[in-house]
Amino acid sequence: MEKLNIGPIENHRQREEGVLIYPVYSRRSQGLSIGINLFPDHKRCSFDCPYCEVFPFRQDTPFSLELMEKQLHAELSAAQNRGMRVKDICFSGNGEPSLAPDFFAALDSAARIRDELVPDAALVLITNGTGLLKDQIFQGLRRAASGPKALHIWLKLDAGTAVWYRLMARSAVPFEGLIRAIKEFVACAPITIQTMLCAIQGKPPPQAEAAAWEGLVVELAGIGAGARCRTGERAPGIQDVQLYGKARPAPEDPLATALAPVYLAERAASLKAALEGSPLPRTRDAIPIRVFP
Ligand code: SF4
């Protein structure tokens with residue numbers, strides 16, 4: 001029988017060994033997640049997050065769609081043979097997936113293989129959102145995120161102010177333009193917000209940053225709140241919010257450090273109160289907020 005080489009909880013270190021497909025137990029998916037790495041040869045990202053877990057590496061083997069399909073098929077078949085339920089197939093890997101030239105072709109292939117072998121599994125993209133600044137990617141993701149078995153988009157929103165964004169993303173992509181693109185996208189597609197809460201050089205996000213982030217999430221929640229969809233589809237707008245802490249080693253440690261779980265819980269409680277107290281139109285249940293310290 002084929003053997004799955006599953007890493008410990010969200011241990012993605014196999015990615016630096018040049019693998020295209022890596023099964024992990026994901027705490028955020030709460031089950032077996034099959035990761036797809038579009039950058040097996042080197043990291044490629046439009047952000048340079050101080051907590052990024054991708055350690056420096058270099059491999060000779062570039063991404064191959066054919067190999068990805070073959071390996072994805074093999075891993076999903078192995079999981080099935082062992083009676084294991086696959087919760088999701090997740091585009092993550094060594095960088096920003098939407099920067100990969102083969103991204104949309106890989107997405108189509110993964111969706112086809114998912115439908116064939118594990119039709120109940122979700123298809124997930126973890127993105128920093130910078131691809132939304134390109135019209136082709138914006139429209140491609142909008143289309144991929146619609147329909148009953150659509151792509152789930154987990155979008156990074158680590159900052160509510162340009163100051164904290166500079167520290168958290170260290171990116172040439174301007175904060176204001178990125179937020180504008182995210183607002184436009186939320187108006188036409190469902191997304192999950194993912195926010196890393198950590199200290200930088202020992203300092204937690206300032207109070208003004210926490211308040212601005214909260215205000216931004218409430219504003220984003222309002223943008224999609226009035227939309228309606230056909231049965232079985234998810235309406236545009238924020239589906240849920242994930243707050244997560246620094247739980248694993250990073251090459252730049254100790255630049256970014258973990259905050260106390262109680263801090264994350266307080267931020268979640270504050271956001272919940274802000275969402276409940278906002279005058280948003282209510283067309284669906286309250287937005288779930290999940291915390292992963
Ligand atoms: S967006 Fe993701 S891959 Fe890119 S630097 Fe940040 S944590 Fe690393």
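Numbering of ligands and ligand atoms starts at 1, following listing order. Side-chain atoms are counted along with the backbone in the values below, which use heavy atoms only and exclude waters and symmetry mates.
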message = Around atom CD of Gln136, are there more than 12 heavy atoms from other residues, nucleotides or ligands closer than 6.0 Å?
response =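 No.
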
query = Should we say atom NZ of Lys272 is surrounded by more than 12 heavy atoms from elsewhere, each under 6.0 Å from it?
reply =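 No - once you tally the heavy atoms of other residues, nucleotides and ligands closer than 6.0 Å, there are 12 at most.
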
query = Should you measure from each heavy atom of Lys156, which atoms of ligand 1 turn up under 4.0 Å away?
reply =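 Result: 1 (S).
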
query = Side chains of Gln242 and Thr192: donor-acceptor distance under 3.5 Å anywhere?
reply =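 No - no donor-acceptor pair under 3.5 Å links their side chains.
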
query = Is there any side chain to side chain donor-acceptor pair (under 3.5 Å) pair reaching into residues 179-188, and which pairs are they, with sequence neighbours excluded?
reply =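 Listed by first then second residue: Lys183-Glu219.
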
Pairs involving residues 95-106, ordered by first then second residue, that meet side chain to side chain donor-acceptor pair (under 3.5 Å) (sequence neighbours left out) =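 Side chain to side chain donor-acceptor pair (under 3.5 Å) check on residues 95-106 returns Glu96-Ser98, Glu96-Thr127.
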
task = Work out whether the distance between some heavy atom of Met196 and some atom of ligand 1 is less than 4.0 Å.
result =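 Not so, Met196 does not reach ligand 1.
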
ask   = Ignoring water, what protein N, O or S atoms are under 2.8 Å from atom 4 (Fe) of ligand 1?
value =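 Short answer, with waters excluded from the count: Cys45 SG.
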
request  = Could you tell me which residues satisfy salt bridge (charged side-chain N to carboxylate O under 4.0 Å, His left out) with Asp253, sequence neighbours excluded, listed by chain and number?
outcome  =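 Salt bridge (charged side-chain N to carboxylate O under 4.0 Å, His left out) check on Asp253 returns Lys246.
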
query = Parallel, tilted or perpendicular: which fits the ring planes of Phe47 and Tyr165, with parallel below 30° and perpendicular above 60°?
reply =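 Perpendicular.
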
